[in-house]
Amino acid sequence: MTEHDLPGLRRRLAEFAAARDWQPYHTPKNLAAALSVEAAELLEIFQWMTPEEAADVMADPERAHRVRDEVADVLAYLLQFCEVLDIDPLTALSAKIDRNERRFPARRRPSGSTEDPDRHSSE
C-alpha cells in the first residue's frame, strides 16, 4: 500500500497525531466540530461567487490552492473521525448509495424537460 491509498493516509494521520500527543483531543465530538469548521472554510471560498465563477474556481491558481487545502482538511478530519469510531468510510458510502438508489429510483424525464423532479439532499 502506498501513502496515497486510504489505509496509508489513515495510518499517516494517526502517526501524525500520536507523535504530537493529540489523541486525547481526538474525540468524536471534537473531530465532528473540526470537520464542520473545515467544511465551512471550504464554503467560505465560494460564498459570494456567481455559479459561473464557482465553476471556474480552479482556473485561479491561488483559489485552486485554497480549495485543495480545504478539501484536504475536510478529508483529514473525516478520516480521523472514522478512525476513532471504527467506521470504514468506503463501506459506509457504498451502503448509503445503495439506500439512496432504493429510496430515489431513477426516472426518465419527459423528452425536452429540463426540470429535475428528484432534486433533494443526500439525507
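Below, all heavy atoms of this structure are taken into account, side chains as well, without hydrogens, waters or symmetry copies.
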Neighbour count above 12 (heavy atom, 6.0 Å) for E62 CD: no

M58 and H65: CA distance, side-chain angles, deciding distance, side-chain contact (heavy atoms from CB on, under 4.5 Å) verdict: CA-CA 8 Å; M58 300 306 283; H65 176 76; over 6 Å; no

Partners passing salt bridge (Lys or Arg N to Asp or Glu O under 4.0 Å) against R68 (at least two apart in sequence or in another chain): none

Side chain D56, main chain A59, donor-acceptor under 3.5 Å: no

Same apolar cluster (I L V M F W Y, side chains within < 4.5 Å links), V74/F81: yes

Heavy-atom check, side chain of L78 versus side chain of P89, under 4.5 Å: no

Set of side chain to side chain contact (heavy atoms under 4.5 Å, CB included) partners for T50, sequence neighbours left out: E52, E53

Within one Ile-Leu-Val-Met-Phe-Trp-Tyr cluster: I45 and W48, side-chain cutoff 4.5 Å: no

Heavy-atom check, side chain of V84 versus side chain of T27, under 4.5 Å: no

Minimum heavy-atom distance L13-A76, with the two atoms named: CD1-O, 3.7 Å

Reference residue R10; test side chain to side chain donor-acceptor pair (under 3.5 Å); the match among Q80, E15, E83: E83

E70 and R66 ion-paired at < 4.0 Å: no

Over all atoms of both residues, closest heavy-atom pair of A17 and Q23: O-OE1, 3.8 Å

Cation over ring face, R20 and F16, 6.0 Å, 45°: yes

Hydrophobic cluster identity match, M49 and V71, side-chain contacts under 4.5 Å: yes

Matching residue for L42 among D69, D73, V67 - test: side-chain contact (heavy atoms from CB on, under 4.5 Å): V67

Under 3.5 Å donor-acceptor, N30 side chain and Y25 backbone: yes

Hydrophobic cluster identity match, L90 and Y77, side-chain contacts under 4.5 Å: no

Any donor-acceptor N/O pair, E44 side chain to A40 backbone, under 3.5 Å: no

Close side-chain approach of C82 to D88, heavy-atom, < 4.5 Å: no

Transitive ILVMFWY side-chain link L35 to I87, under 4.5 Å: yes

